[in-house]
Amino acid sequence: MFAIPIVITAPMVYGLAWGFGASLVLPTVALLALAAILGSLTVWLSRRVLEPAERLESARRILEDAYDRARSEALRDTLTGLGNHRAFQEEMERQWATAVRHNQPLALALVDLDDFKRLNDSRGHAVGDVLLRHAATTMAGYLRRSDRAFRIGGDEFAIIMPGADADRGQLAVRRVLAGSLDGEGDDRTPGGVSFSAGISAIPGHARDRDSLYRQADAALFWSKRHGRTCVTIYDSERHDGALSTRPLPELSTLVARVAATGAMRAVFQPIYDLTTGVPRGFEGLIRPLPDSGFADPASLFQAAEATGRTAELDIACLNTVMETAARLRLPGSLTVNMSPRTLEIDDFSIHALIRMIVRHGLDPRHIVLELTERDAVEDVARVRRAADACRVAGIRLAADDIGAGNAGLRLLSQLKFDIVKIDLSLVQGGAVHDASLEVLRTLRDLADRWGALVVAEGIETPAQLEIVRSLGIGAGQGYLLGRPTDRPSTDPIDLEGLSRSTDWLIDKLRVLPT
């Protein structure tokens, strides 16, 4: 038997391998290609989906940065470089909370320059400005590093002294007074600056920061009436004649009585379309009656917050505003104010709110619920559910005081609003500060993306009107356009004429009732 050799060459091996594996390689390549295509498509789709969110987040970051810069400018007095009244209020709130929480002393001094008006009138405003700057520089130079001075009015200053009791506060302010009196003048500028001051402190008689302020003001009043150029510590026996301090139970009773009897009246401020000059609607505001026990709305609402009667007062205010608006037959929307705290309570009912609206012959679709965050929101989820229920019923929501502080921005990030109302501090600063203008533009752009109307509050000068109109802000309100009154005008206004002249403003502010 013969063996027949078989010779297998390399080409034959490759041929066999190709024939055997081709059926496996081709599907694998196709699958890999399909996977690559699907992966690329997924990445592309995810980018398209995430792009709007990324743009919104970028806009939020820009807004926060611009807001921080504008806020820094808005809290500084441009003449003296000290903090202004708003900065004082915020710092006072922080220092009071810290002192109470840690049981630490805290002193407050209110300072008023002596004979400032006489010098300012007789020697000119330039001399008055020099006096104010000299007083501010002295305070900054003679106080401790932990103390802070503020210019809170024309010639009025406040000094917050953490960790100081009344005696230490008095010594510190006397040291400032001595430094302020030490100075050389000439024919154009006076030398030293004299002032009177009142001191209040905790531990002491104050129950809250408002009463601490009132006590310092009473001591200052006594100083001005008894010789000036002195620093007086508050004494209840000597100074209570100039001060009305009431315990919380009494305040609670007064608020309850106002809410139950309706001891308030409604006034209305028009909100104008800044393109046509036609009123878009009216904001209803409350003024306590003379026999209510409260001199102004601020003291009434502060008492309600301090005594836990905010919701009770809110409902009473809504009833008064709607009843008056229905009687006046005001055109357009009716804006009513409410604290988010009212939406948080268990007793809040959208059905009860709708019944109130309908009972007064009003249309829920014409009601704007303006949320003002006087108190911090505790139950955001509950507020959001209540706000959604209002919107389902046709009621629109407005965010109030955007730009006034962190509260307004916090509300804006937590709820969906139909209207964004920009606080008057930004509008008033917008005519001067670039940072304020940047915030206004960013807020307008964000509102446009959300489909919300922007309302500029606090328009008081033709320059401010021009600023907000040039930014494309759709609506505005303020003393230049119309003051709050019990019988507001429903006629259009001449926007072009207002922008060109200040005479209309002067006439408007002279004798109109508030």
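Checked against side-chain hydrogen bond (donor to acceptor under 3.5 Å, both in side chains), Thr80 has the following partners two or more places apart in sequence or in another chain: Asp77. Listed by chain and residue number, Arg144 satisfy the salt bridge (Lys or Arg N to Asp or Glu O under 4.0 Å) test with Asp147 (two or more places apart in sequence, or in another chain). Taking Asp208 as the reference, Ser211 meet the side-chain hydrogen bond (donor to acceptor under 3.5 Å, both in side chains) condition, with sequence neighbours excluded. Shown here are the ring-ring contact (aromatic ring centres under 6.0 Å, His included) partners of Phe282, two or more places apart in sequence or in another chain: there are none. For Glu370, the salt bridge (Lys or Arg N to Asp or Glu O under 4.0 Å) partners two or more places apart in sequence, or in a different chain, are Lys421. Arg101 is linked by a side chain to side chain contact (heavy atoms under 4.5 Å, CB included) to Ala97, Thr98, counting only residues two or more places apart in sequence or in another chain. Residues that satisfy the salt bridge (Lys or Arg N to Asp or Glu O under 4.0 Å) test with Asp165, not counting sequence neighbours, are absent from this structure. By the side-chain hydrogen bond (donor to acceptor under 3.5 Å, both in side chains) test, Arg309 is found to be paired with Ser252, Glu312, residues two or more places apart in sequence or in another chain being considered. Residues passing the side-chain hydrogen bond (donor to acceptor under 3.5 Å, both in side chains) test with Glu466 are Ser499, sequence neighbours excluded. By the side chain to side chain contact (heavy atoms under 4.5 Å, CB included) test, Ala172 is found to be paired with Met161, Arg175, residues two or more places apart in sequence or in another chain being considered. Applying the salt bridge (Lys or Arg N to Asp or Glu O under 4.0 Å) criterion to Arg444, with sequence neighbours excluded, gives no partner residue.
Checking each of Thr342, Leu313, Val336 against Leu318 for a side chain to side chain contact (heavy atoms under 4.5 Å, CB included) leaves exactly one that passes, namely Val336. Checking Arg86, His85, Glu91 one by one against Phe150, the side chain to side chain contact (heavy atoms under 4.5 Å, CB included) holds for a single residue, Glu91.
Note that CG of Leu177 is 6.5 Å distant from OG of Ser194, once rounded to the nearest 0.5 Å. Atom CG of Leu465 sits about 7.5 Å away from atom CD1 of Ile493, to the nearest 0.5 Å. In this structure, the separation between CZ on Arg469 and CG on Leu495 is 4.5 Å, given to the nearest 0.5 Å. Atom CD1 in Ile160 sits 11.5 Å away from atom OG in Ser146 (nearest 0.5 Å). Rounding to the nearest 0.5 angstrom, the gap separating the CG atom in Leu334 from the CZ atom in Phe268 is 6.0 Å. Taking OG1 of Thr485 as the start and CG of Leu285 as the end, the distance is 11.5 Å to the nearest 0.5 Å.
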Given Ser292 and Met264, is the side-chain contact (heavy atoms from CB on, under 4.5 Å) satisfied, shown in steps?
CA-CA 8 Å; Ser292 65; Met264 62 185 86; over 6 Å; no
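For the pair Leu132 and Asp155, the minimum side-chain heavy-atom distance is below 4.5 Å. In this structure, the side chains of Phe88 and Arg151 stay at 4.5 Å or more apart for every pair of heavy atoms.
When atom types are taken as modelled, the side chain of Glu457 and the backbone of Gln477 share no donor-acceptor pair closer than 3.5 angstrom. Of the possible donor and acceptor atoms, none in the side chain of Ser180 sits under 3.5 Å from a partner among the backbone N and O of Val176. A donor-acceptor pair is defined here as one N or O able to donate and one able to accept, closer than 3.5 Å; no such pair exists between the side chain of Glu156 and the backbone of Leu110. Side chain of Asp129 to backbone of Leu79: no donor-acceptor contact under 3.5 angstrom is found.
Each salt bridge (Lys or Arg N to Asp or Glu O under 4.0 Å) pair with one or both residues in residues 133-143, not counting sequence neighbours, would appear here, but there are none.
Shortest non-hydrogen contact noted between Gly169 and Ala164 is N-CB, 4.3 Å. Annotation for Glu283 and Asn337: closest pair OE2-ND2, 3.1 Å, computed over non-hydrogen atoms.
Inspection of the Asp114 and Ser196 side chains reveals an N or O donor paired with an N or O acceptor under 3.5 Å.
Heavy-atom neighbours of Asp291 CG from other residues, nucleotides or ligands within 6.0 Å: above the threshold of 12.
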